[in-house]
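Within every chain, numbering begins at 1; the chains are lettered A, B, ... in the order of the sequence lines, protein sequences first and strands thereafter.
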Amino acid sequence: MDVTLVKKAQEGDDIAFLQLFQQYEKDIYRMSFVYVKNENDALDVVQEVAYRSFKNIHTLKSPQYFKTWLIKITITCSIDLIRKNKKVIQLKPEFNEMIPINEEDVPLSITLQELLNELNEEEKSMVLLKYYEGYSFKEIAESFDIPLGSAKSVLYRALGKLRKQLKGVDFS
Amino acid sequence: MSNLKEELEKIRIPDHLHERVKLGVKAAKLEQDSYEKQGDVNRNKKKKGRKYKRLLIPAAVCFLALSSLTLTPVRAAIQEMYDKIFASKHIDDTGLKMALEEGRGQPLNQTYYDEKNDITVRFQNVWTDDKETKLLLTFQSEKTNLEHYYFDNFEGKSTVYLIGEDGQKTNLKHVGWGSRHYDAEENLVAEALSFDSIKEHKGQEIVLELQNLTYYHDQETGVLESTWPLTFILEESAISDRETSEVKKEFVFKEMNYFIKEVDFSDTETRVVVVGDDTKLLTDENGEKYEVMSQLEHQFLNARKFEKGTGYTVVPGKPGVFLKSAGKTINPIFSKGDVPSGEDEFIMVFEPVPDRSDCILEIGEDIKISLTK
């Protein structure tokens, strides 16, 4: 993370911001594609993320969290766009807080189509954060204001939906 | 290890991804700059602060309400940015600017990426009446230098086609020159195209297909093959009415007899159609026909100047041909030269008038003719 670039961007330097954003734009596009499932909408999301993030970068207190902050905006923008397009989404499903899942690396075999079609937005978020961005549950809980248990249960439900064998997962 | 990364890598990255990022940042930057300017205004108007606040709050409420109903914030900001380009001094069609200020036309807000030429085309706005369609668009590229590229449907290699609901493809002919501005810093071209009316397709889903850019440089003309499609439903907001009134008045100017046939009012222009002794086509012994500039046309163009960057404008104080309406002088729109006319006719195009029932044609200092019945 180039903290200097973040600081320059916070002072309104759009060139510095673009340089910074460019490092993550492919990730952002792919993440948004998982939610909106088509190129045009995903490009709209990326444009909106660029707009919102540059407009609000002065509010970012810790430059080292720039990427996490961008991911949060990406998820919000993607869900906003789905809402706007009036697609059916499940925003607040009931969590089963009692099902724990440990911090070990969960082997996950998943196809793109399964990810796009089988999971709801919340489950997609959790799978992307955990397996694409490599966050720990603690980081997810802290950065995205989600109770740790909820993060785990959403992920568990997602994996359950995908009907994959979770070898090596300790349910105890 | 999970295979999720590999799976996500299968999502193809569009070539113009970074362009879209730049558009988003540009919109935010523009908004930021306008807030800063607004801040300056507020600082300069400190003494009038209270009154200003009262005005700003309803304005802000209106803006938010409109934004949430029609456009996302980023789109609203982009819309504003492009409106600014077309309302700037670089576009030499004052009628168009006046219509934009009044919020006329159907916003399109569509982007098309021409992958072959790496050109991002943004269709901004369209409106049409009985005689003309205006289409506002910009095109921009990272790789292709666009300085010498024009979408020239007047005398260049560029063509506008309409594909109607019945699938029939029609070539839409130009209506005058249109306006163009090239922004070197952004490598962006803004064009206001003029072509035949599409009003009869109201309520239908139609395709406008823009074919080929024309290249002009150092006496050379070339073509950049391209096809830019625009699909949209022609909405009521795009349609405006044109009011034609027969005038049938005669006058003499520089020993030539002229007859004013009609005046044509629209949201973007006022046309005065004249025939005269010297507006006729001349035919030589081989049957070739020639257009000759009439005395009236000489007078009309007398007040015209051309400057790079601002195009055709009016020289203040220089005699020419003007309209007067509601006490205001109405200037010619010189960029609307060579509007197709009937044989032997000469058409003068002016800005829209504020009062159609009060319209006077002024030729030089001495001739004043009321264009109302």
Can you tell me how far [atom2] of [Y] sits from [atom1] of [X], rounded to the nearest 0.5 angstrom?
{"X": "B:I11", "Y": "A:R30", "atom1": "CD1", "atom2": "CZ", "value": "6.5 Å"}
{"X": "B:L17", "Y": "A:E25", "atom1": "CG", "atom2": "CD", "value": "4.5 Å"}
{"X": "B:R20", "Y": "A:E48", "atom1": "CZ", "atom2": "CD", "value": "10.5 Å"}
{"X": "B:L23", "Y": "A:D44", "atom1": "CG", "atom2": "CG", "value": "10.5 Å"}

Specify which of A:V49, A:V34, A:L43 makes the most heavy-atom pairs with chain B at under 4.5 Å. A:L43

With a 4.5 Å limit on heavy-atom distance, are the side chains of B:K26 and A:D14 in contact? no

For B:E19, which atoms come within 4.5 Å of any heavy atom of chain A: side chain, backbone, both, or neither? neither

Do the side chain of B:K29 and the main chain of A:G12 share a donor and acceptor less than 3.5 angstrom apart? yes

Ignoring hydrogens, what is the shortest heavy-atom contact between B:V21 and A:A50? Give both atom names and the distance. O-CB, 3.5 Å

Using the rule given for side-chain contact (heavy atoms from CB on, under 4.5 Å), can you reason through B:L8 versus A:M31, listing the C-alpha separation, both sets of side-chain angles and the distance that settles it, and then say yes or no? CA-CA 8 Å; B:L8 287 179; A:M31 281 190 79; 5.9 Å; no

May I ask you to check whether over 12 heavy atoms, not counting those of A:K72, lie within 6.0 Å of atom NZ? yes

Taking atom NZ as the centre, does A:K61 end up with more than 12 heavy-atom neighbours from other residues, nucleotides or ligands that are less than 6.0 angstrom away? no

I'd like to know if A:E39 pairs up with B:R12 as an ion pair, taking the criterion as any Lys NZ or Arg NE/NH1/NH2 lying under 4.0 Å from an Asp or Glu carboxylate oxygen. yes

